[in-house]
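FYI, side chains are in, hydrogens and waters are out, and symmetry mates aren't considered; it's all heavy atoms of this structure. Just so we're clear, the structure is a prediction, and the values are computed from it rather than from any experiment. Here is how names work: the chains are called A, B, and so on, in the same order as the sequence lines, proteins then strands, and each is numbered from 1.
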Protein chains: 2
Amino acid sequence: MNLQDSCIIRHFNHFCRLSDDDKKLLLRLEESPGHVKAGSVLWQEEDPASEFCTLSRGWAYSYRNLGDGSRQILEIYLPGDIIGLREFAFSQRLAGVAMIDDGVICHFPHRRLLDIFNQSTTLTAILFAISSRQQALLTERLVNLARRTAHQKLAHFIYEMYLRLLQTGALSDGDFRLPLSQEQLADTLGLSAVHVSRTFSAFREQGLVLRERHHVTLPDPEALARVAEFDDCYLNDSVRPIFFDGTEAAMRMSNAHSGDEGPVPK
Amino acid sequence: MNLQDSCIIRHFNHFCRLSDDDKKLLLRLEESPGHVKAGSVLWQEEDPASEFCTLSRGWAYSYRNLGDGSRQILEIYLPGDIIGLREFAFSQRLAGVAMIDDGVICHFPHRRLLDIFNQSTTLTAILFAISSRQQALLTERLVNLARRTAHQKLAHFIYEMYLRLLQTGALSDGDFRLPLSQEQLADTLGLSAVHVSRTFSAFREQGLVLRERHHVTLPDPEALARVAEFDDCYLNDSVRPIFFDGTEAAMRMSNAHSGDEGPVPK
DNA sequence: CGCGGTCTTGACGACACTCAAGATGTGTGG
DNA sequence: CCACACATCTTGAGTGTCGTCAAGACCGCG
């Protein structure tokens, strides 16, 4: 496999230019990339946890099933994301993971993470940063669920997806594929599917969001951000390219907050 | 300072017996332990992020303020917890942190984390595990906020606190200090303070929870767990003592799920 | 063509919010 | 030691957002 074909290496390169040694180390950790079908379950809650995955193509989500038959979707994974970091300290899965689309994933076993810790400080720091960013996404979703109205929840979610897709460069205008059903959106936002439908209807009448099957257009993304009271600092900072490079990262981290301007106009 | 007086070392010892070298490394990272008053703010959202803290005595919480004047409490920190790991990849704070009690905290600067990555695989793995556990707590709170009734939310929160206090060994029966006001509980659970009061009244009549000022008694903790539909796997696994010891940790991690028995009675 | 999944729309109801007034407890200063 | 102010908590009444139930429309697929 060519070094540039690795989905892990591509993902890590978002944070920092890697040395060839680091690239080789990453590549050795990678096993059995494979195709998975839409709807297939990578693992379920309480399965033994022994590996991570990198999502190379397609969308996925993690979820928890509840006693009353409902479920909660915890996070949406896009191409390039690492899945399963959550369970590093656990022997069991805390959440299930399923594919939304057809896709491609790469597996690498839990225990080999220690090889990384042993051999590359740079990669260790990047892993920590990735975990840190995932936690930031989770925190923002928590606030969204706890404190906002149905309109704000949906607006916030759609705008977050819009920004994340912008960052991966897969997008230029307010027009993109959103392969989630309304029921999946409801499970993500702690709403009923019926109410998601109503909210979309309201957005359509206001010209905020137009949804057609699995496609979404945002005539005025900024208006949507205002409805959601969106604050994008939890998405901006962490993906700054070339964030770490050995010991100099320390200096950058402690004074990088001067003179910021985010990619999104206020 | 004696090695055993360090609050960081005590905390890390929960996971693994440390070598003297590791202990010295930790100790060098520790700076300026100090007293802080109840209600004081360690930092606010969007402050520059340049250090972590370990909470040695007292309780603390992290929070986000929202546009409409309300706020959301994200997590409750107990003695021994590390504060601020969330912002490792960020140059700004994503959430404020304030003290609930009078307490004692130890600071250590962000950049020195890289020293740990460089010098000790064991400590790196423990830090990852701690971050992983915090993410598990956050995830559970998210499910709690999204999908449960007010009764379940409050029951779940109280029972989680009960288990966490049990784990720190600060507790033997269902009788403990809970220094949060009803308004703080409301901000944690996404409810109004009024409704928290009503819910406590209901619990009192049912004999589930007796709350008196900042003190709580649980006549029947298991009954409370049933009301909350509490599943404790997110708390059990990660604090297993002597979880990592160098390379052998790898083996333990990949097969630790056979024949488990948690520390908490079923 | 008929079936099943997804979405839409309506009617009704419940859980939790807001507003408001009063009770209780606590700390401060006279 | 009392008086007062202030925070916290309690309880009631009225309202609204969102869930549930249900029927029907739309669409892709076999």
Side-chain angles (χ1 to χ4, degrees), chain A residues 37-39 66-73 98 100-102 144-158 177-206 209-216 227-228, chain B residues 37-39 66-73 98 100-102 144-158 177-206 209-216 227-228:
Chain A
K37 285 239 167 288
L66 281 87
D68 61 354
S70 67
R71 72 173 178 174
Q72 177 61 35
I73 291 180
I100 296 173
D101 278 327
D102 291 349
N144 204 25
L145 285 164
R147 285 292 168 196
R148 299 202 240 249
T149 67
H151 282 235
Q152 289 179 309
K153 285 178 187 180
L154 186 57
H156 195 280
F157 179 81
I158 293 173
R177 208 174 67 89
L178 185 73
L180 298 167
S181 70
Q182 290 191 358
E183 187 183 356
Q184 288 169 327
L185 287 168
D187 288 344
T188 306
L189 299 172
L191 299 170
S192 68
V194 170
H195 205 68
V196 170
S197 174
R198 282 189 228 280
T199 308
F200 269 121
S201 300
F203 282 170
R204 192 183 329 116
E205 291 191 6
Q206 299 166 39
V209 181
L210 308 175
R211 179 178 189 267
E212 186 99 13
R213 330 251 287 89
H214 284 161
H215 199 87
V216 160
V227 168
Chain B
K37 283 239 168 290
L66 281 88
D68 62 353
S70 68
R71 71 172 180 176
Q72 177 62 34
I73 291 180
I100 297 173
D101 277 327
D102 290 349
N144 204 26
L145 284 165
R147 286 291 168 194
R148 299 203 240 252
T149 66
H151 281 235
Q152 289 178 308
K153 286 179 186 179
L154 186 56
H156 194 280
F157 178 81
I158 293 172
R177 207 174 69 89
L178 185 74
L180 298 167
S181 70
Q182 290 190 358
E183 188 182 358
Q184 289 169 326
L185 287 168
D187 288 344
T188 306
L189 298 172
L191 299 171
S192 68
V194 171
H195 206 65
V196 169
S197 174
R198 282 189 227 280
T199 308
F200 269 122
S201 299
F203 283 171
R204 194 184 326 117
E205 291 190 7
Q206 299 165 40
V209 180
L210 308 175
R211 178 177 189 269
E212 184 99 17
R213 332 250 288 85
H214 285 162
H215 199 89
V216 160
V227 168

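Rounded to whole angstrom, the span from the CD atom of A:Gln152 across to the C1' atom of D:dT17 amounts to 13 Å. In this entry the distance linking CZ of A:Arg148 with P of C:dC17 reads 17 Å, nearest Å. Residue A:Phe200 contributes atom CZ, which lies 11 Å from atom C1' of C:dC7 at whole-angstrom precision. One atom, CG of A:Leu210, and another, P of C:dT8, lie 12 Å apart when rounded to the nearest Å. In this entry the distance linking CG of B:Leu189 with P of C:dC15 reads 18 Å, nearest Å. When the P atom of C:dA16 is taken as reference, atom NE2 of B:His151 falls 7 Å away, rounded to whole Å. One can place NE2 of A:His195 at 17 Å from P of C:dC15, the figure rounded to the nearest angstrom. Atom CD in B:Glu212 sits roughly 14 Å away from atom C1' in D:dT10 (whole-Å rounding).
The phosphate of D:dT10 has OP1 or OP2 within less than 4.0 Å of a side-chain N or O from B:Gln182. A sub-4.0 Å separation between OP1 or OP2 of D:dT10 and a side-chain N or O of B:Arg204 is present. Checking the phosphate oxygens (OP1, OP2) of D:dC9, no side-chain nitrogen or oxygen of B:Ser197 falls inside 4.0 Å.
Applying the 6.0 Å contact sphere to CD of B:Gln152 captures more than 12 heavy atoms from other residues, nucleotides or ligands.
At least one donor-acceptor pair under 3.5 Å links the side chain of B:Ser201 to the backbone N or O of B:Ser197. Proximity of a side-chain donor or acceptor of A:Asp102 to a complementary backbone N or O of A:Lys37 within less than 3.5 Å is not detected. Side-chain N or O atoms of A:Glu205 include none that pairs as donor or acceptor with a backbone N or O of A:Ala202 at under 3.5 Å.
The nearest heavy atom of DNA chain C to A:Val196 and to B:Thr149 marks one nucleotide each, and the one closer to the 5' end goes with A:Val196. Mapping A:His214 and B:Ala193 onto DNA chain C via the closest heavy atom, the residue that lands nearer the 5' end is A:His214. Map B:Arg213 and A:Gly190 each onto its nearest nucleotide of DNA chain D; the residue landing nearer the 5' end is B:Arg213.
Nearest nucleotide to the A:Arg198 side chain, out of C:dC17, D:dC9, C:dG10: C:dG10. Ranking D:dC18, D:dT8, C:dG10 by closeness to the A:Val194 side chain, first place goes to C:dG10.
Of the listed residues (A:Arg71, A:Gln72, A:Gln182), just one forms a side-chain hydrogen bond (donor to acceptor under 3.5 Å, both in side chains) with A:Asp187, and that residue is A:Arg71.
Counting non-hydrogen atoms under 4.0 angstrom, B:Arg211 reaches the backbone sugars and phosphates but no base. When heavy atoms are screened at a 4.0 angstrom cut-off, A:Ser192 is found touching base atoms of the nucleic acid.
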